[in-house]
Amino acid sequence: MTDQQQEPEPGHAEETRRRRAGFVAFVVGLVATLAFSGFFPGLPHVIDWGAILVALVVGGLARWACQSWMTRSAKKAERM
């Protein structure tokens with residue numbers, strides 16, 4: 001039996017790029033929030049559960065914003 005090479009779907013590359021960008025946005029949001037809570041003057045320099053939860057929420061919001069921005073720009077490019 002021979003394996004057939006299947007052509008990737010047209011939106012597959014776009015979806016992969018969107019997922020990677022979402023992951024990077026999540027990590028950047030998470031690290032930036034933890035760095036802010038750890039090093040900003042005037043705040044206690046302790047990373048506690050509250051700081052971790054806030055960092056997760058900010059990372060999720062960054063991921064959501066990045067993916068919605070990429071989807072919106074892709075739809076705008078399709079219209080033109």
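Numbers here simply count residues along the sequence, with the first being 1. The structure displayed is predicted, hence computed values, not measured ones.
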List the atom pairs, with distances to 0.1 Å, where a side-chain N or O of residues 48-69 and a protein N or O form a donor-acceptor pair under 3.5 Å, not counting sequence neighbours.
from  : atom 1 : to    : atom 2 : distance (Å)
Asp48 : OD1    : Ala51 : N      : 3.1
Ser68 : OG     : Trp64 : O      : 3.2
Ser68 : OG     : Ala65 : O      : 3.1

**Study point:** Which residues share a salt bridge (charged side-chain N to carboxylate O under 4.0 Å, His left out) with Glu78, sequence neighbours left out
**Key:** none
Practice item. State, to 0.1 Å, how close Ile47 and Ser37 come at their nearest heavy-atom pair, and which atoms those are. Key: CD1-OG, 3.5 Å
Study note, to complete from the structure: CG of Leu34 to CZ of Phe39, rounded to nearest 0.5 Å, is 10.0 Å
**Study point:** Lys/Arg N to Asp/Glu carboxylate O, Glu14 vs Arg18, below 4.0 Å
**Key:** no
Exercise for review: Establish whether Val31 and Phe23 are linked, either directly or via other cluster members, by ILVMFWY side-chain heavy-atom contacts under 4.5 Å.
Suggested key: yes
